[in-house]
Amino acid sequence: MATEPSVINPAGLARRLVRDALLSEQQALAAHAEAVRKRMPFVQFLVEQKLLDSRSIAVAASQEFGVPLLDLRAMDSGDLPLGLVDEKLIRKHRVLPLHRRGNQLFLAISDPTNDRALQEVRFSTGLATFAVLVEEDQLATAIEQVMDVQDKTINDIKDADLDNVDVTSGEDDAPVVRYVNKILLDAIIASASDIHFEPYEKYFRIRFRQDGILREVANPPINIASRLVARLKVMSRMNIAERRVPQDGRIKLKLSRTRDIDFRVNTLPTLYGEKVVLRILDSTAATVGIDNLGMEPEQRQAFMEAIKKPYGMILVTGPTGSGKTVTLYSALNILNDAAINISTVEDPVEIQVPGINQVNMNQKTGLTFAAALRAFLRQDPDVVMVGEIRDLETAEIAVKAAQTGHLVLSTLHTNDAPQSLTRLANMGIPLFNIASSVLLIMAQRLARQLCTHCRKPVDLPHEVLLEEGFNEAEIAEGLTLYKSVGCEHCTDGYKGRVGLFQVIRVSEEMGRLIMAGGNSIQLADQADKEGYADLRRSGLRKVKAGLISLAELNRITKY
């Protein structure tokens with residue numbers, strides 16, 4: 001047989017079919033040219049024109065390229081991760097997502113040479129894509145069945161009159177109601193902290209924040225976006241007719257007799273409709289316990305000694321979502337006793353705890369942090385927690401409370417612990433009052449924890465380890481560092497989060513430095529002299545222990 005010309009499918013499938021005598025050279029050339037002209041996949045053209053049966057093509061392709069051949073009829077369509085790949089890509093490239101394992105996505109495909117399909121799905125999902133060979137007729141049938149089911153669901157949702165649905169009406173069979181409920185439950189199961197419903201000009205997307213990272217989970221039809229938003233507004237008791245200004249609300253979802261999940265809801269008018277963000281408030285987070293936060297033993301000891309003091313101020317700093325509230329409530333749970341009067345003011349209250357007097361800040365009615373603090377001081381408090389010190393008035397009352405026999409816990413938004421002290425000074429608090437009232441300052445971050453099932457050791461050169469912050473002694477001892485991989489037990493190689501902390505007690509020397517007007521750099525140098533690890537050093541300990549990857553540490557800390 002003559003050698004087939006190179007114009008035949010350069011990846012080799014057509015050549016294999018000719019070599020196996022399934023097609024003649026002329027048939028292969030003509031079929032390939034016609035498939036290109038019609039912009040159809042080569043395998044699809046062969047099957048539709050009945051030039052070959054799909055089984056013969058699949059067996060030849062499997063042998064030629066060493067790709068596993070799967071009987072697609074054995075798969076349950078209900079288990080397919082369809083939400084990961086856009087319907088347009090599925091139809092355009094005739095692929096079907098079969099299974100996700102960590103950051104890997106396995107796709108059913110009838111032509112293993114269709115690299116463009118794998119590349120576009122990889123670009124769209126951000127996942128590594130791998131081909132699993134299936135027969136063309138099975139793939140065509142499966143795609144049509146799956147798309148038909150999705151189309152019916154979409155049509156049901158389009159016909160639902162959401163505006164008249166009441167959250168307590170019991171119409172749980174309404175498609176939009178079921179869809180929203182499923183999203184909320186999926187977020188809880190996925191341990192997400194936030195849900196984002198986002199309208200854009202030509203599409204609508206839903207994202208979960210898991211372990212601090214946003215991930216797209218669904219793309220409902222754009223023409224039902226307003227109904228989904230309206231349903232959320234009804235559930236959170238907002239004004240559904242008001243679409244011009246932001247609104248705040250709350251949803252309570254009862255999971256069982258003993259467990260409720262609260263959602264803090266906020267709407268924001270955007271160019272193409274209202275964006276809705278739900279913060280998931282799980283009261284069980286307050287019972288996580290000091291031992292499980294991730295503090296080093298000496299940090300935990302310093303923190304415990306500070307919260308046992310009868311008066312003074314404890315400040316926790318870090319960006320939004322760094323776990324400050326959970327840390328403070330872990331302390332309040334230890335202090336929560338019938339003999340102690342504890343009051344908190346927050347914006348809003350995120351974790352509800354019996355035995356603690358909790359107040360929601362309300363700017364419209366004049367119930368500010370400062371106003372609540374003044375009221376607390378007239379109610380015989382022992383412990384006061386202020387959600388955040390934002391202004392001079394709140395700072396002055398908090399400092400005064402700390403100096404007059406009360407333990408005050410609060411948060412600030414600064415990059416590290418030493419900057420918290422200079423921030424108070426910049427607000428206008430006298431240096432003497434800062435030095436005499438602040439007991440302990442703590443900065444924290446949350447790092448994604450490596451999955452113990454799939455993490456892999458990684459070797460780094462000696463010079464790189466030094467640059468990253470490890471010292472010669474640590475390197476000489478031998479370091480085993482790990483990288484993320486991804487498996488069925490985790491998300492992209494990570495599962496859960498662990499805290500990184502910088503805990504500094506305000507010593508006499510540091511107090512003198514504060515009163516002398518020392519800046520944050522000088523305070524950081526003094527903390528280093530006294531042996532307090534900064535966030536980077538705290539993170540390196542977690543890397544050394546195999547809890548987090550060096551890449552994750554570099555993501556959340558600066559040199």
Side-chain angles (χ1 to χ4, degrees), residues 248 250 252 260 262 264 281-290 303-317 324-413 420 423-424 427-430 432-442 506:
D248 292 298
R250 209 173 180 103
K252 181 181 285 289
D260 293 336
D262 284 343
R264 189 179 77 197
L281 311 174
D282 187 354
S283 59
T284 59
T287 59
V288 67
I290 291 291
F303 186 64
M304 290 295 293
E305 288 176 357
I307 66 174
K308 295 293 186 180
K309 298 282 187 182
Y311 57 87
M313 183 182 287
I314 297 171
L315 293 173
V316 182
T317 184
K324 301 186 298 293
T325 301
V326 171
T327 297
L328 290 179
Y329 268 99
S330 297
L332 292 180
N333 266 326
I334 294 172
L335 298 172
N336 193 6
D337 185 88
I340 298 177
N341 179 18
I342 303 176
S343 296
T344 75
V345 57
E346 300 165 74
D347 182 23
V349 172
E350 295 190 8
I351 301 171
Q352 298 179 23
V353 180
I356 296 178
N357 308 291
Q358 297 173 278
V359 176
N360 264 325
M361 195 193 89
N362 190 333
Q363 196 80 37
K364 293 179 182 178
T365 62
L367 183 54
T368 61
F369 283 132
L373 264 175
R374 286 196 192 92
F376 289 168
L377 296 180
R378 294 192 292 268
Q379 293 215 330
D380 186 32
D382 295 300
V383 179
V384 171
M385 196 268 271
V386 186
E388 183 185 348
I389 294 178
R390 299 176 179 172
D391 52 61
L392 175 58
E393 186 180 15
T394 305
E396 286 178 334
I397 301 170
V399 168
K400 178 183 176 183
Q403 291 176 324
T404 55
H406 309 94
L407 183 64
V408 179
L409 287 72
S410 190
T411 71
L412 279 172
H413 281 284
S420 300
R423 173 75 183 278
L424 289 176
M427 282 184 178
I429 301 297
F432 173 81
N433 287 341
I434 298 173
S436 62
S437 62
V438 179
L439 297 171
L440 180 136
I441 47 176
M442 178 166 66
V506 179

Which value, rounded to the nearest 0.5 Å, describes the distance between [X] atom [atom1] and [Y] atom [atom2]?
X: His413; Y: Ser420; atom1: NE2; atom2: OG; result: 11.0 Å
X: Leu409; Y: Tyr329; atom1: CG; atom2: OH; result: 10.5 Å
X: Gln403; Y: Asn433; atom1: CD; atom2: CG; result: 4.5 Å
X: Ser330; Y: Leu335; atom1: OG; atom2: CG; result: 11.0 Å
X: Met385; Y: Thr344; atom1: CE; atom2: OG1; result: 5.0 Å
X: His406; Y: Asp380; atom1: NE2; atom2: CG; result: 7.5 Å

>> For Lys309, I'd like to know if atom NZ has over 12 heavy atoms of other residues, nucleotides or ligands within 6.0 Å.
In response: no

Determine whether [X] and [Y] make a side-chain contact, defined as any pair of heavy atoms from C-beta on separated by less than 4.5 Å.
X: Met304; Y: Ile307; value: yes
X: Met313; Y: Leu440; value: no
X: Val386; Y: Thr394; value: yes
X: Phe376; Y: Ile397; value: no
X: Ile342; Y: Asn357; value: no
X: Met361; Y: Leu367; value: no
X: Leu332; Y: Val353; value: no
X: Leu328; Y: Thr411; value: yes

Between [X] and [Y], what is the shortest heavy-atom contact and its length?
X: Gln352; Y: Arg250; value: NE2-NH2, 3.8 Å
X: Pro354; Y: Asn336; value: O-ND2, 3.0 Å
X: Phe369; Y: Gly387; value: CE2-N, 3.9 Å
X: Gly366; Y: Ala371; value: O-CB, 3.6 Å
X: Lys308; Y: Ile334; value: NZ-CG2, 3.8 Å
X: Ala395; Y: Ile389; value: CB-CG2, 3.6 Å

Spell out, as yes or no, whether a donor-acceptor pair under 3.5 Å connects the side chain of [X] to the backbone of [Y].
X: Asp262; Y: Leu281; value: no
X: Asn360; Y: Val349; value: yes
X: Asp382; Y: Asn341; value: yes

> Stepwise, does the side-chain contact (heavy atoms from CB on, under 4.5 Å) test hold for Ile314 with Val408?
Replying inline: CA-CA 6 Å; Ile314 297 171; Val408 179; over 6 Å; no

> Can Asp347 and Arg264 be said to form a salt bridge (charged side-chain N to carboxylate O under 4.0 Å, His left out), step by step?
Replying inline: CA-CA 11 Å; Asp347 182 23; Arg264 189 179 77 197; over 6 Å; no

>> Quick one, Met427 with Leu412, criterion side-chain contact (heavy atoms from CB on, under 4.5 Å). Give me CA distance, side-chain angles, the key distance, then yes/no.
In response: CA-CA 12 Å; Met427 282 184 178; Leu412 279 172; 4.1 Å; yes

>> Could you walk me through whether Leu407 and Leu439 satisfy the side-chain contact (heavy atoms from CB on, under 4.5 Å) test, starting with their C-alpha distance in whole Å, then the side-chain angles of each, then the deciding distance to 0.1 Å, before giving a yes or no?
In response: CA-CA 10 Å; Leu407 183 64; Leu439 297 171; 4.2 Å; yes

